[in-house]
Trainee: 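Input: one structure, supplied below.
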Amino acid sequence: MAIRASEIADTWQTSFRDGMIIAAAERAGATELLTEDLQSGQHIAGILIINPFVTQ
């Protein structure tokens with residue numbers, strides 16, 4: 001999973017830590033990820049990033 005996290009971090013210009021979180025979500029088959037650390041509405045590796053504290 002560390003290799004996939006590194007690929008995600010390089011491709012989408014995230015930190016390795018965020019890449020690990022996204023890689024874990026990807027492996028689990030998630031389609032959405034709730035986080036305040038990434039830009040809401042962005043799609044990374046097929047996963048929709050949602051900031052639960054941002055009203056739209």
Side-chain angles (χ1 to χ4, degrees):
M1 187 159 56
I3 292 172
R4 180 61 180 144
S6 182
E7 291 170 354
I8 290 170
D10 288 343
T11 303
W12 284 279
Q13 298 299 303
T14 67
S15 68
F16 179 75
R17 176 189 167 274
D18 289 338
M20 286 291 284
I21 292 168
I22 296 164
E26 182 182 54
R27 177 180 271 187
T31 58
E32 298 177 346
L33 177 64
L34 298 176
T35 180
E36 61 183 294
D37 294 332
L38 297 167
Q39 183 178 356
S40 191
Q42 185 177 19
H43 283 87
I44 299 177
I47 299 171
L48 175 61
I49 306 303
I50 299 171
N51 183 338
F53 301 111
V54 172
T55 57
Q56 297 188 22

Trainee: What side chain to side chain donor-acceptor pair (under 3.5 Å) pairs are there with at least one residue in residues 18-30, not counting sequence neighbours?
Mentor: Arg4-Glu26, Ser15-Asp18
Trainee: Is there a path of hydrophobic side-chain contacts, each under 4.5 Å between heavy atoms of I, L, V, M, F, W or Y residues, that connects Ile50 with Ile47?
Mentor: no
Trainee: Enumerate donor-acceptor pairs with a distance under 3.5 Å from any side-chain N or O in residues 29-38 to protein atoms, sequence neighbours excluded.
Mentor:
from	atom 1	to	atom 2	distance (Å)
Thr35	OG1	Asp37	N	3.1

Trainee: Listed by chain and number, what are the side chain to side chain contact (heavy atoms under 4.5 Å, CB included) partners of Thr11, not counting sequence neighbours?
Mentor: none
Trainee: Which atom pair, heavy atoms only, marks the closest approach of Phe16 to Ala5?
Mentor: CE1-CB, 3.8 Å
Trainee: If you compare all heavy atoms of Ala2 against all heavy atoms of Met20, which two are closest, and at what distance to 0.1 Å?
Mentor: CA-SD, 4.1 Å
Trainee: CD1 of Ile22 to CD of Glu7: how many Å apart, nearest 0.5 Å?
Mentor: 13.0 Å
